[in-house]
Every structure is written in structure tokens, then in C-alpha cells.
Amino acid sequence: MAENARDVRTVCFRIRRFDPAGDKAPYDQDFDVPVPAGMVVLEGLWYIKEHLDGTLAWRSSCRMGVCGSCGMLVNGRPMLACNTQVRDVADDLLLVAPLPNFGIVRDLVPDLMPMFETHRTLLPFIQRDDRTEVLEPTDQYWQSPDQLLEYLQFSFCIKCGCCMAACPTVATDPVYSGPQPLAQAYRYLIDSRDGGFAARREALAGAAGPWRCHYAGECSNVCPKGVDPARAIQLMKRQLVLDYLKLGKMRSRTPAPLLGSDKRKGRRDGIPEAPPFTIESAK
Amino acid sequence: MSWRDTSLWTWHVIAGLVILILLGLHMGVMHLSAVLHLSGLNPADVDNPLDWRNVAFRAKQVFFMISYVVLLGAGLFHGLYGLRNILLELGPGPGARRAIGSLLLAVGVVLFVIGTWAAVVARTTALAG
């Protein structure tokens, strides 16, 4: 944080508080926080905890937009507290609340477990018949750069829950799985190494699948990592509809084979060798 | 495995395409007749598709009777499925969700039967008179 005494502005942090042990309903509490240029919302919360109210609760970890822990509603928009600069979003009043569409554990801590449980039911991992190779790999599976690009952006998801908080369908339909689990299901569905289409179709073809999405697109607008869950959901609809009409290729797709003696295995021209190991035990 | 939601959504899209084609035909016949020179479909007066002789001519055609029925079915399915989605977003419980589906299905079937009867009677009447 840049400490410049001439460039510090006082911003009122209006924090949504709730302790299920004692409170009947959430309420707002104001804290005046000195905000220098460059201060992020998370640093403001730390200032409150260290100087004004030690009971304030939130969840955070990496402080650099990687772990997805500090998703919260900042001035009405789901975002990560660690990579949102206060002065970019507020002049003198900053509203901070837990992510909507989730239960509240306490204060700014949302209960993300329903999202993770749904995520798990959609099998977010590579599914293959050769379980022995998956568990004890002897080689790598072949995948072209184009096949990688099909799912790459969806693999950037950090499971912060911002997309779920922004989704109007999640807010109103308890059966709908939501953008995070669906985008991750599509990420593996489209992976050329995966053979789990039939298994995931069990869950996706029904009411929990992508059918309730009416493409508001807010999930993609708020994603702090630039993932486009709305696109994943529309593409997933296409795969499922083609399969329903017996026109799709996913049903009969063979997962990518092991590289083996494939000639493409060799290092391409212009790519330098990896540097030598610096630790003896890493060899 | 339940394919119900996949099936409903797929037919929703197909119904949309059918509406696009048949409603396009309707708009052409009723509003662009003179521009498109559709004297074959409005033989009495190409500038006036609502002239009774034009209406009676089209009503006699099997193609138009079938297209009316198909358009009615597609429109009802597309519209009522959309209405169902809106109602389900109000957060009804499992029993109410089933009731909404059953009610809209009943409404759709009744309106389709009435509309089909009207199309058939219109053709019969036109042929008779």
C-alpha cells in the first residue's frame, strides 16, 4: 500500500454484519477508513479488524486474485476484495456485503458448500476407462494446441462464487445448478482427454442442467478471471441437444490416446530446453 | 436418466424455427402481398389480402389449413414453455411446479383443439360456399 499522507481520503465502509449466534437478521455497520491511493478493499477490511472492530469476519487467503476466497458484494457487484481498489469503486461510501445467493456463515463469509457439492456431482475431473493409467501414469495423453484452447479459458475458474452471486436464475430457481458448476462440467466435457460425457449427461440432461439459463450473461460480466460461463452453458446446450437428436459426436468420442511413440512427441523447433535442476533431490 | 428438460428445450428451439418460417410466410401473404407480387395467393386483389374472396381462396387450400395448425401448435408450445419458465422462476415448491406444468399442458391442448377445429371448419365452409 502506498503510504502518502497528502493523498489519503476517508471512506466510509458500510459493512453488512450478521452473527447467526446472536442476530435475527443482517444489519449494516459503518467504519471510517483512511484510504490511500492503491488500497484494495481487503486492506480496508484488515484496517477495520486491526483498529476498529476485531470481531469482523471474512474469508481471504492469497491476496492476489488466485485463491478465490475473498469474493464479496462491493457496491452491489460481486468481486474479489483483494484486487478491487477502493478508490476505483467509491468516493466516500463503500458498501460491502457477503455474496448473495448463498447462506451467510458470519458477516462477509458466504456458505459456498452448496456450490461445491453441486460442482462435485458434475464430475469435474478427467473421466476415462483406463483407470490404472490415470492413477499411475506412464505417459502423457496427446492433445493439440487447438484442443487445449477449446477449454483453456474455462480452466481459469477459481471457484470464488462471484458468477453464482450475479446469476438471476440461481437467485430464483433452487433446482438450477448455476454457472460455476456448469462451466466446469463443460470444461471437462470438451476436454479431448475426457470420456465422461455419458456419465455427466445423467445430471445435465435433467432440470439441474443448463436449461434454465436465459443468458442474462451477468456471470461472465463479473468473473474476476475473465472466464465466460455463459458461453460454456450455451455450448453445453448445443452438445446436449445434438446428442438428444442423435446428431452429436460426443457419445462416440474416443478419449485422446497416450502419446506413446507418436512422432508429435518431440520438442518443436525453437523451444529451449528446460533449465537444469537446482536441487539434487528434484532429479 | 430424465431427458425431459433436454427434450422440452430442444422442441422449444425447433418450435421457434417453425414460427420464424410460418410467421414469415404469414407476414408475406398478409402484409407484403403487393410488394412480393403474390397474386397466386391473393388472386382476387393482390393489394388487398383481406378481401373475402382472397380469404376464402386461401381457406380452401390444404397447405394453408395445415400451416395454420402447425403454426398454432408451435406458437402454443413455444409460448407456454416460456411462460412455464417464468412461473418456475417465482420459486414454487415441487408440487406447485408439477401443477404449473399440468395446467399449462391442459391449456395448450384445449387451445390447440379449438384452433384446429376452427381451421378445419373454415376450410369446410369455404369449400361449401
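Just so you know, these numbers use all the heavy atoms, side chains as well, and skip hydrogens, waters and symmetry mates. Below, chains carry the letters A, B, ... as their sequence lines are ordered, and counting in each starts from 1.
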Exercise. Do other residues, nucleotides or ligands put more than 12 heavy atoms under 6.0 Å from the CD atom of A:Glu136?
Worked result: no
For this session: Would you check if the side chain of B:Thr10 reaches a backbone N or O of A:Val241 as a donor-acceptor pair within less than 3.5 Å?
Result: no
Seminar exercise, completed: The single option from B:Tyr81, B:Trp11, B:Trp9, B:Trp3 that satisfies ring-ring contact (aromatic ring centres under 6.0 Å, His included) with A:Trp211 is B:Trp9
Exercise. In terms of heavy-atom contacts, does CZ of A:Arg238 have more than 12 from other residues, nucleotides or ligands at under 6.0 Å?
Worked result: no
Exercise. So, do B:Arg97 and A:Asp173 sit near enough that their side-chain heavy atoms are less than 4.5 Å apart?
Worked result: yes
Problem set entry | Shortest non-hydrogen contact between A:Thr172 and B:Glu89, atoms and distance | CB-O, 2.9 Å
For this session: Rounded to the nearest 0.5 Å, what's the gap from OG on B:Ser7 to CG on A:Leu240? Could you check?
Result: 12.5 Å
For this session: Can you establish whether the number of heavy atoms outside A:Arg231 located under 6.0 Å from its atom CZ is more than 12?
Result: no
Exercise. Quick one: does B:Leu88's side chain get under 4.5 Å of A:Arg212's, heavy atoms only?
Worked result: yes
